[in-house]
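Report on one structure; see the data block that follows.
Each chain gets a letter, A, B and so on, in the order its sequence line appears, and its residues count up from 1.
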Amino acid sequence: MVGSVHVNGSVNGGNGTEERLDELRRLLGKSDGDLLKIVGIGAGAWGSVFAALLQDAYGRFREKVQIRIWRRAGRSVDRTTAEHLFEVINSREDVLRRLIRRCAYLKYVEARLGDRTLYADEILRDGFCLNMIDTPLCPLKVVTNLQEAVWDADIVVNGLPSTETREVFEEISKYWKERISVPVIISLAKGIEASLDPIPRIITPTQMISSATGVPTENILYLGGPNIASEIYNKEYANARICGSNKWRKPLAKFLRQPHFIVWDNSDLVTHEVMGGLKNVYAIGAGMVAALTNESATSKSVYFAHCTSEMIFITHLLTEQPEKLAGPLLADTYVTLLKGRNAWYGQMLAKGELSPDMGDSIKGKGMIQGISAVGAFFELLSQPSLSVQHPEENKQVAPAELCPILKRLYRILIKRELSTRDILQALRDETMNDPRERIEMAQSHAFYRPSLLGKP
Amino acid sequence: MGGAEDAPRAAAANGHGNGATVEEKLDELRRLLGKADGDPLRIVGVGAGAWGSVFCALMQDAYGHLRDKVQVRIWRRPGRAVDRATAEHLFEVINAREDVLRRLIRRCAYLKYVEGRLGDRTLYADEILRDGFCLNMIDTPLCPLKVVTNLQEAVWDADIVINGLPSTDTREVFGEIGRYWKERITAPIILSLAKGIEASLDPLPRIITPTQMISNATGVPLENILYLGGPNIASEIYNKEYANARICGADKWRKPLAKFLRQPHFIVWDNSDLITHEVMGGLKNVYAIGAGMVAALTNESATSKSVYFALCTSEMIYITHLLEEEPEKLAGPLLADTYVTLLKGRNAWYGQKLAKGELTLEMGDSIKGKGTIQGVSAVNAFYELLSQDSLSVMHPEANRSVAPVEMCPILKALYKILIKRELPPDSILQAIRDETMYDPRERIEMAQGHSLYRPSLLGQPKGDAKA
């Protein structure tokens, strides 16, 4: 029984789970006995949680849907992590009981004792994501052969870092060469690349996927939003936003929505995907400021004023009506600056517990996408062909000159010619423009550069 | 002593420059105010809450050594006793800080704190403030201050008055000050730190701000009254955490004052839009209480905080479109202030305590050790104002006119929790988890897509150009 339909297509009343599944199956032309196959690609924290949420919600309808996740084989779990994992298991009665019941417990005892090497894919079958050991998930069907995982998938969820997206989806396209039906792809990736030839422009993960696989853009969507994966799995209330074509975004929003996971929908795929990457840039700086000032709320607010004014300035280059991003961009920025992998990374750098030479993939945390995004945005916005009028000096400058925090982060993280402490200098420079002026400038002049997002 | 030399570099935005010495800045302001040699510039803080006390202490630290040119003093009411528990805590603070302990011993001012600790003597807020202890901020000792408890004596010859009162006391105290100033020849400058607002519903619904109260009460022209807003964690500012503030008001005084107030760790921007910034300072305290509730109810969940942030900023943006013709310009400073106010601060703290049951509404909005929680009265003011049918806006879906407050579910929930008291604090979670709630983006689009601006709300008749 379907109750009244509310805004964004949500349904109240009655048990809507099986109905939502049936509706999506119908839209995809699945006949009885033909399973809807949903495949997560990549088992980072968010990719794993996403697959687990779907398994928890729909997995019991065994004859209608199958959810599986692909990750590479061979990643071993080190001794320290195995010891910690053993503690996590033993401190959670429900998890312990489940492993005992499935005859899957003793391998963790052996690993704890150092008598056995565990691998990331085998622990993921029991619901342990290597990037999120403290938050056990439900058991998952894990496939390590990419062809076997994706060849007949109906819906593919891209949980890869953007830096691996192109490579993996190019391989996937070989397996899809003779497919008849076109799959739907949802991308969770937040990183971006900059292409400078023939003209400066941003390349997003969904564009990479479309180029690599030939799947039409209409079937590729981006899911963005605050992304503290463990909190989402623990049923903290969260909002996300699915962006893409009319055909799929509303049905998918409805399908993905759960009591504690609200999914809004939006038609502007490219801009939201890019903004998802932009906020990670500034999250690293926020972590640095937090660590260097001992969590000073006052200094954080100064940083927030400046970094949001830079983000607003950049959005005016990328989209014609950026005010529409104000609400969701702010919420995502707020949580990304407050907590999250990129902010954590900035804190660790500032405390000297990590250094840029260790690279952007950190054990136990996964890929720090903000680093490559700093390089991408800075290089893009440094191009003379994008020059804008300087507000005071009556000359044309590259947009990066008006983004002192972005410049500083580039020199700290990419050029590595400055220390993390220099981020505070960017805030304390008395000659820095009032952040309000940057916003006024952005709003009063025509800055929009359609070519930056590959639009005519 | 001449005026300030031009800075080695060209002066940057907002007219500030590096290189001006402290004494040069003071001399420049004295000259602008027509102070002759031998006539000290008199700066008076009115009200000794945390921010008011810190503000005076910053001035004293920066300029106080120039004794023949400036005098900084602060007024607070006499008679406020320090309770035993606070006296004991204060004693611990003093003994933990060698610099403070040495200073008190040197000034022969230490033993009264021993007596207070032992319960053998009652200390009073004004006497401890002379030693630099603000009752609302005991953990952060300030420099010694000249404290005056007689209001007439404090303000009668003041050149600059700093309003550090809660907005709820502003009208009354400045009404009294107005009587002492009746025969003044020179008009003083008044700088207000107050963030609360009132709503007046007669003859038209409109907001009354503290600066308007001050102008009405004293007759001082608005040109001489300014608002200083910004993230306001007073103890952090005194401890030299880097902070930005914003001084809003008429051209004549705001730039010279911004320059005078600016310090290495306290940057002051200036802005001509006095009323909007003053009102927004009050609006963010409304939502800070809700943020504290959400933080406590979800055990500091960053994810839930972000949902709340998206929804409350979209309501704030919607409300700014009712109040201001081009509100996008608030994005920078409004955001920074909102961010810190939601993260930390008295109003957010209050929301947390309510949600945890450690405080109740019956205790009122003035809390020992914290001061006035301005957000509570602001909830009432904004709610009543935006409930007026005469301000109706078109509902985006129901195709009928509704009062603006119907588009602000968080404000409505806060009103029912804090004012009507018909809902418990955890109802705030229902407001953010309502599946029928609009995507916050839609509220923003609605605000920007239709003409919502109501000039009468800020007391300006339609058609008048903004100054």
Quick one, L427(A) and Y242(B) - any side-chain contact, counting heavy atoms below 4.5 Å? yes
Could you go through E231(A) and T303(B), starting from their C-alpha distance and side-chain angles, then the distance that decides it, and tell me whether this counts as side chain to side chain donor-acceptor pair (under 3.5 Å)? CA-CA 7 Å; E231(A) 288 194 354; T303(B) 304; 2.5 Å; yes
Atom pair NE2 (H260(A)) and OG (S304(B)), whose distance is rounded to the nearest 0.5 Å: 8.5 Å
Give the minimum heavy-atom separation between N244(B) and H306(A), together with the two atoms involved. OD1-NE2, 3.8 Å
Return the CD to NZ distance between E241(B) and K300(A), rounded to the nearest 0.5 Å. 11.0 Å
In this structure, CG of N294(A) is separated from CG of N239(B) (nearest 0.5 Å) by 11.0 Å
